[in-house]
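FYI, the numbering just counts along the sequence from 1.
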Amino acid sequence: LGAAAQASTRPLLKKYIGNPDTDAMLKEPAVRSQLEAMLGKQLPTLIRNLNVKGDVELISGALALQGNAPHKGGEEEAIVCIADQRPTPHIEAAIFSKGRVTVFAKAPQYDYLMICIKDWITQVNSGHRDRFKQPANVQFGKPG
């Protein structure tokens, strides 16, 4: 599907991609109810760990909201990934706290997690190292 077709069949995508109103996305009824059901008592930790965040991103077709607790980047982080499908969006979330990643998903198997969650796990497990320092195996090609 093209971008216009996706936006018409995926209302959350149209409304929130690149949107700085991340709190509104988390309060969408279909999103909030699933987060409450999946996380239970862990929901306040997720919200705390999303306190410092950027705009909603699109990662492998899923809306992604990631962040960290104030002054706790690399220590207390979280992500929410939303596959905007009809009739109900598919949601997965993860919390990084005290060196441990806890994933909240309907299918509790790593193989079935969204790329959005798996890529985030790779980043937090590496301490975001590759975002700030060029890995030894990365080189730049020359034209021609």
Side-chain angles (χ1 to χ4, degrees), residues 1-140:
L1 286 177
Q6 283 186 12
S8 68
T9 61
R10 299 168 71 183
L12 291 175
L13 181 69
K14 181 179 180 182
K15 188 172 182 179
Y16 290 107
I17 188 68
N19 189 332
D21 194 358
T22 55
D23 291 338
M25 185 181 78
L26 292 174
K27 291 177 183 172
E28 285 279 342
V31 173
R32 189 63 175 211
S33 64
Q34 284 190 62
L35 288 174
E36 288 173 353
M38 285 191 309
L39 278 88
K41 293 179 182 178
Q42 292 295 317
L43 185 58
T45 302
L46 177 88
I47 300 301
R48 181 198 71 211
N49 285 11
L50 287 174
N51 185 277
V52 180
K53 57 194 174 295
D55 294 349
V56 177
E57 302 173 86
L58 187 63
I59 300 176
S60 290
L63 292 168
L65 180 58
Q66 53 190 317
N68 57 266
H71 310 290
K72 296 284 188 176
E75 298 173 37
E76 295 288 326
E77 301 185 31
I79 189 167
V80 174
C81 298
I82 302 169
D84 188 15
Q85 13 188 65
R86 295 250 182 194
T88 307
H90 174 79
I91 298 175
E92 296 177 359
I95 297 171
F96 177 68
S97 182
K98 298 178 178 77
R100 180 171 295 225
V101 174
T102 304
V103 176
F104 300 89
K106 289 179 183 167
Q109 291 177 287
Y110 192 82
D111 289 354
Y112 299 146
L113 292 176
M114 289 186 228
I115 293 295
C116 176
I117 293 284
K118 290 179 181 181
D119 285 354
W120 178 83
I121 290 170
T122 300
Q123 283 297 318
V124 296
N125 280 340
S126 74
H128 304 283
R129 176 181 60 248
D130 294 346
R131 286 189 170 174
F132 303 110
K133 184 175 185 258
Q134 180 176 328
N137 68 336
V138 173
Q139 62 185 13
F140 291 88

Trainee: Verify side-chain contact (heavy atoms from CB on, under 4.5 Å) between Ile121 and Val103, making sure each step is shown before the conclusion.
Mentor: CA-CA 9 Å; Ile121 290 170; Val103 176; 3.9 Å; yes

Trainee: Have Glu57 and Gln66 got a donor and an acceptor in their side chains that come within less than 3.5 Å?
Mentor: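 On atom types as modelled, these side chains qualify, holding a pair under 3.5 Å.
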
Trainee: May I ask you to say whether Arg32 pairs ionically with Glu36, meaning some side-chain N is under 4.0 Å from a carboxylate O?
Mentor: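 Here Arg32 pairs with Glu36 in a salt bridge, since their nearest N and O are under 4.0 Å apart.
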
Trainee: Verify the neighbour count for atom NZ of Lys106: are there more than 12 heavy atoms of other residues, nucleotides or ligands below 6.0 Å?
Mentor: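 More than 12 heavy atoms, drawn from other residues, nucleotides or ligands, come within 6.0 Å of this atom.
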
Trainee: What is the distance from atom CG of Leu63 to atom NZ of Lys15, rounded to the nearest 0.5 Å?
Mentor: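 The distance works out to 12.0 Å.
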
Trainee: Indicate the atoms forming the closest heavy-atom contact of Leu39 with Leu43, along with that distance.
Mentor: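 Scanning both residues, the minimum pair turns out to be CB-N, 3.7 Å.
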
Trainee: Which distance, rounded to the nearest 0.5 Å, do you find between the CG of Asp119 and the CE of Met114?
Mentor: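 That separation rounds to 12.5 Å.
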
Trainee: Go through it in stages, so that I can follow the logic: the residues are Val31 and Ile91, the test is side-chain contact (heavy atoms from CB on, under 4.5 Å), and I'd like the CA-CA distance, side-chain angles, deciding distance and then a yes or no.
Mentor: CA-CA 7 Å; Val31 173; Ile91 298 175; 3.9 Å; yes

Trainee: Donor-acceptor check, side chain of Asp130 to backbone of Ser126, threshold 3.5 angstrom: yes or no?
Mentor: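 Here the side-chain-to-backbone pair does not exist.
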
Trainee: For a quick test of reading the model, state the closest non-hydrogen atom pair linking Gly54 to Thr22 and the distance between them.
Mentor: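 That closest heavy-atom pairing would be O-CG2, 3.4 Å.
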
Trainee: Under the criterion side-chain contact (heavy atoms from CB on, under 4.5 Å), which of Ile117, Leu50, Asn49 is the partner of Ile79?
Mentor: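 Testing Ile79 for a side-chain contact (heavy atoms from CB on, under 4.5 Å) against Ile117, Leu50, Asn49 leaves exactly one candidate, Ile117.
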
Trainee: Take Glu75 and Phe96 through the test side-chain contact (heavy atoms from CB on, under 4.5 Å) and record every step on the way to the result.
Mentor: CA-CA 7 Å; Glu75 298 173 37; Phe96 177 68; 5.6 Å; no

Trainee: Taking all heavy atoms of Leu46 and all of Ala78, pick out the closest pair and write down the distance.
Mentor: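 That would be CD1-CB, 3.7 Å.
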
Trainee: Assess the residue pair Glu92 and Leu113 against the criterion (side-chain contact (heavy atoms from CB on, under 4.5 Å)); give the C-alpha distance rounded to whole Å, side-chain angles, the decisive distance to 0.1 Å, and a yes or no.
Mentor: CA-CA 8 Å; Glu92 296 177 359; Leu113 292 176; 3.6 Å; yes

Trainee: Going by distance alone, is a donor N or O of one side chain under 3.5 Å from an acceptor N or O of the other, for Glu76 and His71?
Mentor: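 Checked: Glu76/His71 side chains show no N/O donor-acceptor pair below 3.5 Å.
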
Trainee: What is the distance from atom CG of Leu26 to atom CG of Leu35, rounded to the nearest 0.5 Å?
Mentor: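 It comes to 6.5 Å.
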
Trainee: For a quick test of reading the model, state the closest non-hydrogen atom pair linking Ala94 to Trp120 and the distance between them.
Mentor: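 That would be CB-CZ3, 3.4 Å.
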
Trainee: What is the distance from atom CE of Met25 to atom CG of Asn19, rounded to the nearest 0.5 Å?
Mentor: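 Met25 CE to Asn19 CG: 9.0 Å, rounded to 0.5 Å.
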
Trainee: Would you call Asp23 and Lys53 a salt bridge, using N to O less than 4.0 angstrom?
Mentor: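 Salt bridge present between Asp23 and Lys53.
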
Trainee: Around atom CD of Gln109, are there more than 12 heavy atoms from other residues, nucleotides or ligands closer than 6.0 Å?
Mentor: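 Atom CD in Gln109 is crowded, with more than 12 foreign heavy atoms closer than 6.0 Å.
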
Trainee: Check this for me: Lys72, atom NZ, are more than 12 non-hydrogen atoms of other residues, nucleotides or ligands nearer than 6.0 Å?
Mentor: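 Open.
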
Trainee: Which heavy atom of Phe104 sits nearest a heavy atom of Met38, and at what distance?
Mentor: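 Closest pair (atom of Phe104, atom of Met38, distance): CD2-O, 3.5 Å.
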
Trainee: Say you draw a straight line from CG of Asn51 to CG of Asn68; how long is it, rounded to the nearest 0.5 Å?
Mentor: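 Asn51 atom CG to Asn68 atom CG measures 8.5 Å (nearest 0.5 Å).
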
Trainee: Could you pull out the closest heavy-atom pair between Tyr112 and Ala107, with the gap in Å?
Mentor: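 So the minimum-distance heavy-atom pair works out to CD1-CB, 4.1 Å.
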
Trainee: Using atom types as modelled and distance alone, determine if a side-chain donor or acceptor of Asp84 lies under 3.5 Å from a backbone N or O of Pro89.
Mentor: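 No: the side chain of Asp84 does not pair with the backbone of Pro89.
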
Trainee: Closer than 3.5 angstrom, by distance alone: can the side chain of Glu77 be matched with the main-chain N or O of Ser97 as a donor-acceptor pair?
Mentor: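 Checked: no pair found.
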
Trainee: Give, for atom CD1 of Ile95 and atom CZ of Arg48, the distance between the pair rounded to the nearest 0.5 Å.
Mentor: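 Reported value, rounded in 0.5 Å steps: 8.0 Å.
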
